[in-house]
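To start, the structure itself, in C-alpha cells.
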Number of protein chains: 2
Amino acid sequence: MLRAPSIRDVAQAAGVSTATVSRTLTNPDVVSEITREAVFRAIRETGYVVNQAARNLRRRETGAVAVLLPNIANPFFSRILSGIAEVMSEAGLNVFINDTTPVTRDEHRFPEYASHAHVDGLIVLDGMLRHDALLDRGPPELRPPLVFACEWIEQVARPKVTIDNHAAAAQAIRHLLALGHRRIGHACGPPGNVLSIARLAGARAALAEAGLSLPDAWAFPGDFSLESGAAAARAWHAAADRPTAVFCASDEMALGFIGEAQRRGIKVPDEISVVGFDDLEMASHAVPALTTIHQPRADIGRAAARMLLERMLLAPAERVARPAPHVVLPVTLAVRESTAPPPR
Amino acid sequence: MLRAPSIRDVAQAAGVSTATVSRTLTNPDVVSEITREAVFRAIRETGYVVNQAARNLRRRETGAVAVLLPNIANPFFSRILSGIAEVMSEAGLNVFINDTTPVTRDEHRFPEYASHAHVDGLIVLDGMLRHDALLDRGPPELRPPLVFACEWIEQVARPKVTIDNHAAAAQAIRHLLALGHRRIGHACGPPGNVLSIARLAGARAALAEAGLSLPDAWAFPGDFSLESGAAAARAWHAAADRPTAVFCASDEMALGFIGEAQRRGIKVPDEISVVGFDDLEMASHAVPALTTIHQPRADIGRAAARMLLERMLLAPAERVARPAPHVVLPVTLAVRESTAPPPR
DNA sequence: ATTTTGCGTGTAATCGATTACAAGGCCAAA
DNA sequence: TTTGGCCTTGTAATCGATTACACGCAAAAT
C-alpha cells in the first residue's frame with residue numbers, strides 16, 4: 001500500500017531525527033548548514049509535503065479562515081473576496097468561502113464554521129445572520145476571532161470594516177438636489193438589512209436638509225437584485241405622481257431600473273435620473289453610464305483581512321477584553337451619464 | 001488556561017470511554033440507547049465540537065476540496081461555485097476557493113492545494129494552468145482526484161464537465177445566418193484558451209457550411225472582459241469594411257461591445273447584431289436584451305462536484321486505471337433583442 | 001588542565017480522534 | 001450447570017508533526 005512520505009521518511013533519508021526535519025522546515029536558522037542541506041535534499045528526493053492535519057493538531061490551529069457571505073453569485077462580493085484572498089494567501093492561510101443562504105432565502109444558515117475546530121478566524125459579510133447563532137457557541141475565549149465587513153450585526157460587538165452608508169446616500173441625494181431635482185424617490189435594499197436602513201436614513205436626512213421628504217409611495221421596495229430594480233421601474237412608471245429621480249440602493253437595482261425604463265420607452269437621464277450604489281464594473285460600461293457611489297471593494301476586503309490577522313495574533317483573553325475597532329473607508333460619487341437636471 | 005472540550009471531557013462527563021463517544025458520533029447504532037443518550041447529553045453540556053484536525057489526521061483525509069479558478073471577480077464563475085458549494089456542503093465537505101491569478105496575469109500560480117496533504121479533491125476551472133504543475137506532484141496514486149469543469153487542459157487526462165463550445169458557437173452563427181447576415185465577425189476570447197479556440201473554430205465551421213469565412217480583420221482580439229468588448233467595438237467602428245453582426249465569446253464582451261457601440265451612436269440591433277455567450281443574469285436585463293448562448297452554470301458546478309465525489313470514493317489505484325468520463329451538458333440559444341436582420 | 005558556555009541534535013511526550021482487538025456480561029441452548 | 005454466541009464497552013495503538021528537555025561535544029574562559 002502506497003503511502004505519502006512522512007517526516008520519518010525524510011528523517012531516515014537525511015540520516016537525522018524527525019525533530020531536526022521539523023526544525024529545518026519551520027526554523028531553518030537553528031540547524032547547521034550541512035544538516036539543512038541534507039534535509040532539503042531528502043525532502044526533494046522523497047517528494048515530502050507536510051501533512052497539514054498533523055501540523056494543525058499539534059499546533060492547535062487550522063491554518064484557515066472562513067468568509068461568510070449571503071450570496072456568492074452577487075458580483076458585489078467578488079472583488080471583496082479577491083482582496084481578502086490576496087492578504088490571506090500572503091499570510092499563508094487558506095480561505096473557505098461559505099454561502100449562508102444556499103437553500104432558503106430567509107433562514108440564513110449558520111455553518112459549523114463558527115467553531116474553533118474548523119477555522120482560526122471568520123470574516124462575516126452577512127448582516128442577516130441570526131446573531132444568537134454567532135454568540136451561542138461556547139465561551140467567547142473559545143470562539144474564533146471575527147470581523148465584519150460591509151455589513152454587520154448590531155448586537156454583536158466585533159471589529160468592522162465598512163463605509164459610511166448614511167453619508168454616502170446623503171451625497172447621492174445632494175447630487176440630485178444640486179441638479180435641481182425636488183421629487184426624488186428611493187429604490188430600497190432588502191428590509192431589515194443594515195445597509196438598506198442606513199442608506200434610506202441617509203437619503204431621508206439629505207432630503208430633510210433641503211426641506212423635502214420621501215413619501216412612502218416613492219420608497220420602492222427591493223432586495224439589491226436586478227429584478228427588483230426592474231420591478232421598481234414598473235412601480236415608478238405606473239404611479240400617477242412620480243419622482244424625477246431615483247436613488248437606488250445598489251448598482252444592480254439601478255441597472256435593472258434603467259433597463260426596464262428604457263424598454264418602456266423612457267429616456268434616461270432625460271426623463272428620469274438614476275443613481276446607483278457600489279460601482280460595479282458594469283456601471284461604467286452601461287449606456288447611459290451609471291452615476292453611482294464608488295465603493296473601494298478590494299480595499300474593504302484587504303482591510304478586513306488585515307484586521308482579522310491582527311486579532312488572530314491576540315491572546316484570547318486579551319481579544320475579548322480589547323475594544324472592537326471600526327474602520328470606515330471613504331467612498332466617492334462617480335458622476336456619469338445617468339443623471340441630469342429634471343425635465344422641463 | 002481555557003481549552004476547548006475534547007472527546008475526553010465528554011467521555012468523563014458521560015461516564016464512558018472515549019471510544020464509546022467516538023462510536024456514538026460516527027455510528028450511533030452500535031451503542032446502547034442508554035449510553036447514546038448519556039453521551040449526547042454530555043456533548044450538549046460540555047459544548048463539545050469534534051476537532052477536525054485530529055479526525056483528519058486519524059482518518060487520513062482532510063474533509064475539504066479546492067476549486068481553482070482564474071478569477072473570482074468574474075461573474076461567470078459565481079453560479080458555478082454555488083452549484084459546487086451546494087453539492088459539497090450536502091456531502092459535508094468544505095470548499096476552498098482559490099484564485100490562480102491573484103498577482104500576475106500570465107503565470108498561473110499553482111498553489112500547494114494540488115497536494116494530498118491539503119485537500120481530498122480538486123475542481124479546476126482554469127485551463128491556463130501549467131499542466132506540468134498539475135502532473136509533477138509525485139506518483140499519480142498520491143495526487144488527489146481532480147475533475148475539470150468548463151475549461152480543461154488537453155495534456156491532462158481527467159474527468160471533465162463541459163459544454164460543447166464548438167457546437168454552441170456554430171449555433172450562434174447559424175442564428176445570424178438565418179437572419180440574413182453574410183458578413184459576420186467574432187470578438188475572440190483570450191488567445192490560447194481552450195474555450196476561445198473551440199468557439200472560434202465552431203464559428204468558422206458554421207460560416208464555412210454557408211460558404212463564408214471569417215477574415216482575420218473581423219476576428220477581434222479580446223479576453224472575455226467588458227473592456228475588451230468595448231475595444232472590439234472601437235475596432236469594428238474604425239474599420240472601413242465592417243461586418244453586420246458580431247458573435248462575442250462572452251456576455252461581458254457582448255455587453256461591452258454594445259455599450260461602446262451605443263455610446264458612438266450606433267443602433268443595436270438595427271446597425272449591428274450582437275450575440276453573446278454565457279447568459280449572465282445581466283444579459284436579459286440589458287437594453288437591448290442580449291441574444292446569447294445559455295450555459296447551465298449551476299448544473300455544471302453540481303455535475304462537477306458530483307463527479308468529484310464519485311472519484312473520491314474510488315481506491316487510488318482504481319482511479320488511476322479507470323478512464324476519465326466526459327460529461328457534456330446541453331446549451332440553448334436565448335434569442336432576445338440584440339439580433340435582427342442586417343441593415344438595408 | 002579544568003570549567004563554562006553554547007550550539008546542534010536526539011528522545012520522547014503530546015495534540016485529539018479513531019478503531020482493531022479483547023474482554024465482560026447476559027441469555028439461551030445443551 | 002456449563003458452553004457458546006451476541007451485544008456492548010474498554011484498552012491501547014495509531015495517525016504525523018511539534019517541541020520541551022536533556023545530552024554531547026567543541027570552543028572559550030579561567
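The analysis underlying the following values was restricted to heavy atoms, covering all of them including side chains, and did not include hydrogens, waters or symmetry mates. Quick note on labels: first sequence line is chain A, next is B, and so on, each numbered from 1.
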Are any of the side-chain heavy atoms of A:F148 and A:T162 separated by less than 4.5 Å?
no
A:S17, nearest nucleotide to its side chain (from C:dT19, C:dG10, D:dT9)
C:dG10
Name the residue closer to the 5' end of DNA chain D, choosing between A:R55 and B:A19 according to the nucleotide with the nearest heavy atom.
B:A19
Describe the nucleic acid contact of B:V16 in one word from base, sugar-phosphate, nothing, applying a heavy-atom distance below 4.0 Å.
sugar-phosphate
Can you find a pair of side-chain heavy atoms, one from B:L122 and one from B:R158, that are under 4.5 Å apart?
no
Near DNA chain C, under 4.0 Å by heavy atom, which residues of residues 28-35 of chain A?
A:V30, A:V31, A:S32, A:T35
I would like to know whether A:T62 and A:N56 meet side chain to side chain donor-acceptor pair (under 3.5 Å); could you show each step before the answer?
CA-CA 5 Å; A:T62 69; A:N56 292 342; 5.9 Å; no
Between B:R60 and D:dG16, is there a side-chain N or O to OP1/OP2 distance below 4.0 Å?
yes
N/O donor-acceptor pair, side chain A:R23 with base C:dG10, under 3.5 angstrom:
yes
Nearest-angstrom distance from the residue atom CD of B:E61 to C1' of C:dT18
11 Å
How far does OG of B:S78 sit from CZ of A:F77, to the nearest 0.5 angstrom?
12.0 Å
B:I7 CD1 to B:N51 CG distance, which is reported to the nearest 0.5 Å:
10.0 Å
Whole-Å distance separating the CZ atom of A:R8 from the C1' atom of C:dG10
14 Å
Checking contacts here: which listed nucleotide (C:dT11, C:dA17, D:dA17) is nearest the side-chain heavy atoms of A:A54?
D:dA17
For residues B:M312 and B:G121, report the shortest heavy-atom separation together with the two atoms involved.
SD-CA, 4.4 Å
For atom CZ of B:R36 and atom P of D:dT8, their distance in whole Å:
9 Å
Assign each of A:T26 and B:T18 to its nearest nucleotide of DNA chain D by heavy atoms, then name whichever residue's nucleotide is nearer the 5' end.
B:T18
Can you tell me how far CD1 of A:I123 sits from CG of A:L69, rounded to the nearest 0.5 angstrom?
10.5 Å
Can you identify which nucleotide, out of D:dG10, C:dA17, D:dG16, has its nearest atom closest to the A:L57 side chain?
D:dG16
Any N or O donor-acceptor pair under 3.5 Å from the base of C:dT14 to the side chain of A:R58?
yes
Would you tell me if any nitrogen or oxygen in the side chain of A:Y48 comes within less than 4.0 Å of OP1 or OP2 on D:dG16?
no
How many Å lie between CG on B:N51 and C1' on D:dC15, as a whole number?
13 Å
Sugar-phosphate only, base, or nothing, as touched by A:T20 at under 4.0 Å among non-hydrogen atoms
sugar-phosphate
Rounded to whole Å, the CZ-P distance (A:R59 to D:dT19) equals 6 Å
Between the side chains of B:N193 and B:E151, is a donor N or O closer than 3.5 angstrom to an acceptor N or O?
yes
Grab the CD-P distance between B:Q52 and C:dG16 for me, whole Å please.
14 Å
Interatomic distance, A:N27 CG vs C:dG8 P [rounded to whole Å]
11 Å
Starting at atom CD1 of A:I43, determine the distance to atom P of D:dA17, rounded to an integer number of angstrom.
10 Å
Sugar-phosphate only, base, or nothing, as touched by A:S6 at under 4.0 Å among non-hydrogen atoms:
sugar-phosphate
